[in-house]
Amino acid sequence: MMKFIFFLFFLFFFNKFWWFMSFLMFILFFMFIFNFSYYGIWGNISYFFGCDYISFGFIMLSLWICILMLFASESLYYLNYFCGFFLFMILFLLIMLYCVFSMMNIIFFYFFFESSLIPTLFLILGWGYQPERLQAGIYLLFYTLFSSLPMLVSIMYMYMYNNTLIFFLVNIYYDFNFFFYFSLIIAFLVKMPMFMIHLWLPKAHVEAPVSGSMILAGVLLKLGGYGLLRFLMLLMSFNMKFNFIWISISLIGGSLISMMCLRQVDLKSLIAYSSVAHMSIVICGLMTMFYWGFCGSYILMIGHGLCSSGLFCLANITYERLGSRSLLINKGLMNFMPSMSMWWFLLCSCNMSAPPSLNLLGEISLLSSLVCWSWFSMFFLSILSFFSAVYTLYMYSYSQHGIMFSGMYSCSLCYVREFLLLFLHWFPLNFLILSGDFFVIYFY
């Protein structure tokens, strides 16, 4: 695992060469594919780094989204808008994410988990669009830091009992109380984010540049799910007593957020709220502690990372042409950008979990695990599934159909780069379902 970290560090020498950097990251991505360990245990262990099935999927997602961030942010390169510093921040963020997902020591995991916040904050503050980005950055910082300090105390408490902090050596049978359990998982629930502690996410998305939105929706929300996948195994006895609280909040909150999506007039805000609704199902699936819940949450996190990142790219492509993200101006885009309408349809259908997307496989697993957990969850699950289709169709039909805004007077062609960017989101999202067995084999 260390060889890939050294590869990433050497990329800092090429932070003046935009396309060469993306080419080298592609090479790293394909090198990492062939490093795949076909065992359900930790492999490729070096120092505190290792890789198992869960880590492998999330590291691949991080590398892929960071490559696509360079494709989406080409305007910074042509405007020469601090593009060297921008590349530095993306590389720094990629190294932090790689270390989070491959770390076997819990205290180092915590350190890199928090460090990934720094480059994200710089992306929002440095390349955001409006003056409110300062407030959005402070929201992001304080929500995350305030919730993660109790987690640090719990990790120290865990070390006092175990004398080790390696994930697979920690003893799960020692005594602890509700405060220990709560403080260990609250940092991940804020990062997901769970309903009621989600207010930082729409603000951060609306103020962030396209690259910030892509990495936020694509990978940083998945840090919370990854942490829960790792830590819920260590908290088995308390999970059975208290997990119904988080499932209840997430089911009710996801239904309310789905209805809130219908009154959004900002494209990015609508996509951001839909992320909260999808993540609420992931939290429910994880908290059931069923095999299908764990598999489904893992699949849906990978699928949602690609799908919502692609939707943010589409929103940015229209924003670059029209100078606005408002649905009142982004109307009749089928007349204005006819070649882009198919991509809107494909990614919107993936967002509502249409076959053959990964989202469908994940949601089927999650729905089955939740219905097995309790029949009463069917009411809220039906609301959630129905409204997720409703707000996605609302976004598609409102933006593509209708009379074009009078300020637009001709059609706008798209670049090959933008078609390639959207294809690289859509292709893995729909064809990874052919390898669905790899997503579930770990949990046997």
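All of these numbers come straight from a predicted model, not from anything done at the bench.
Between Ala354 and Ser357, the shortest heavy-atom contact is O-OG, 2.8 Å. Summarising the geometry of Leu360 relative to Ser353, their closest heavy-atom pair is CD1-O, 3.3 Å, with the distance given to 0.1 Å.
Between Leu422 and Leu346 there is no side-chain heavy-atom pair separated by less than 4.5 Å. Between Leu256 and Phe387 there is no side-chain heavy-atom pair separated by less than 4.5 Å. Counting heavy atoms from C-beta outward, Met408 and Ile329 have side chains that stay 4.5 Å or more apart. In this structure, the side chains of His425 and Trp64 stay at 4.5 Å or more apart for every pair of heavy atoms. Between Leu311 and Met395 there is a side-chain heavy-atom pair separated by less than 4.5 Å. Residues Ser269 and Tyr273 are in side-chain contact: their nearest non-hydrogen atoms beyond the backbone lie under 4.5 Å apart.
Within the model, atoms CG of Leu267 and CZ of Phe312 stand 10.0 Å from one another, a figure rounded to the nearest 0.5 Å. For the atom pair CE of Met192 and NZ of Lys222, the computed distance is 8.0 Å after rounding to the nearest 0.5 Å. Distance check: Ile155 CD1 to Phe108 CZ gives 12.0 Å after rounding to the nearest 0.5 Å. To the nearest 0.5 angstrom, Trp246 atom CH2 is 10.0 Å from Leu228 atom CG. Interatomic distance, CG of Leu117 versus CG of Leu220, reported as 8.5 Å (0.5 Å rounding). The line from CD of Glu132 to CG of Leu134 is 9.0 Å long, rounded to the nearest 0.5 Å.
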Exercise. Checking side chain to side chain contact (heavy atoms under 4.5 Å, CB included) for the pair Phe58/Leu229: CA distance, chi angles, key distance, verdict?
Worked result: CA-CA 12 Å; Phe58 285 116; Leu229 276 171; 4.3 Å; yes

For this session: For side chain to side chain donor-acceptor pair (under 3.5 Å), just list the numbers for Tyr226 and Arg230, CA-CA rounded to whole Å, side-chain angles, deciding distance to a tenth of an Å, and then say yes or no.
Result: CA-CA 6 Å; Tyr226 175 77; Arg230 293 281 186 222; 3.1 Å; yes

For this session: Go through Leu123 and Phe86 one step at a time and tell me if the side chain to side chain contact (heavy atoms under 4.5 Å, CB included) criterion holds.
Result: CA-CA 8 Å; Leu123 284 175; Phe86 180 78; 3.5 Å; yes

Exercise. Between Tyr129 and Tyr319, does a ring pair (Phe, Tyr, Trp, His ring centres under 6.0 Å) hold up when you go through it step by step?
Worked result: CA-CA 11 Å; Tyr129 296 123; Tyr319 175 74; 5.0 Å; yes

Problem set entry | Phe142 vs Phe146, ring pair (Phe, Tyr, Trp, His ring centres under 6.0 Å): CA-CA, chis, key distance, verdict | CA-CA 6 Å; Phe142 279 93; Phe146 183 75; 9.0 Å; no

Problem set entry | Step-by-step side chain to side chain contact (heavy atoms under 4.5 Å, CB included) determination, Leu381 to Leu366 | CA-CA 10 Å; Leu381 286 174; Leu366 289 170; over 6 Å; no

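The main-chain N or O of Pro150 is found under 3.5 Å from a side-chain atom of Ser154 such that the two form a donor-acceptor pair. The backbone N or O of Asn351 sits nowhere less than 3.5 Å from a side-chain atom of Asn359 that would complete a donor-acceptor pair. At distances below 3.5 Å, at least one donor-acceptor pair connects side-chain atoms of Tyr110 with backbone N or O atoms of Ser148.
Among residue pairs with one or both ends in residues 247-269, those qualifying as salt bridge (Lys or Arg N to Asp or Glu O under 4.0 Å) are Asp266-Arg325; sequence neighbours excluded.
Aromatic pair Phe238/Phe180: centroids not less than 6.0 angstrom apart. Between Phe336 and Phe405, the ring centre distance reaches or exceeds 6.0 Å.
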Pairs under 3.5 angstrom only: tabulate donor-acceptor contacts from the side chains of residues 202-212 to other protein residues two or more places apart or in another chain.
none

Without placing hydrogens or testing angles, list every side-chain donor-acceptor pair under 3.5 Å for residues 90-107, not counting sequence neighbours.
{"residue": "Tyr98", "atom": "OH", "partner": "Met1", "partner atom": "O", "Å": "3.0"}
{"residue": "Ser102", "atom": "OG", "partner": "Tyr98", "partner atom": "O", "Å": "2.7"}
{"residue": "Asn105", "atom": "OD1", "partner": "Ile107", "partner atom": "N", "Å": "3.0"}

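Relative ring orientation between Phe188 and Phe231 is described as tilted, the plane-to-plane angle lying within the 30° to 60° band. Using a 30° and 60° split on the angle between ring planes, Trp426 and Phe431 fall in the perpendicular class, above 60°.
Enclosure of atom CZ in Phe242 by more than 12 non-hydrogen atoms of other residues, nucleotides or ligands within 6.0 angstrom is indicated. Within a 6.0 Å radius of CZ in Phe112, more than 12 heavy atoms belonging to other residues, nucleotides or ligands are found. Residue Phe122 places its CZ atom among 12 or fewer non-hydrogen atoms of other residues, nucleotides or ligands, all under 6.0 Å distant. Other residues, nucleotides and ligands place more than 12 heavy atoms under 6.0 Å from the CZ atom of Phe26. A 6.0 Å sphere centred on CZ of Phe345 holds no more than 12 heavy atoms belonging to other residues, nucleotides or ligands. Surrounding CE of Met259 are more than 12 heavy atoms belonging to other residues, nucleotides or ligands, all under 6.0 Å away. For Phe178, the CZ atom sits in a packed shell: over 12 heavy atoms of surrounding residues, nucleotides or ligands are nearer than 6.0 Å. Remark: Leu328 CG is packed, more than 12 non-hydrogen atoms of other residues, nucleotides or ligands lying under 6.0 Å away.
For the pairing with Trp18, the ring pair (Phe, Tyr, Trp, His ring centres under 6.0 Å) check across Tyr81, Tyr77, Phe71 returns one residue only, Tyr77.
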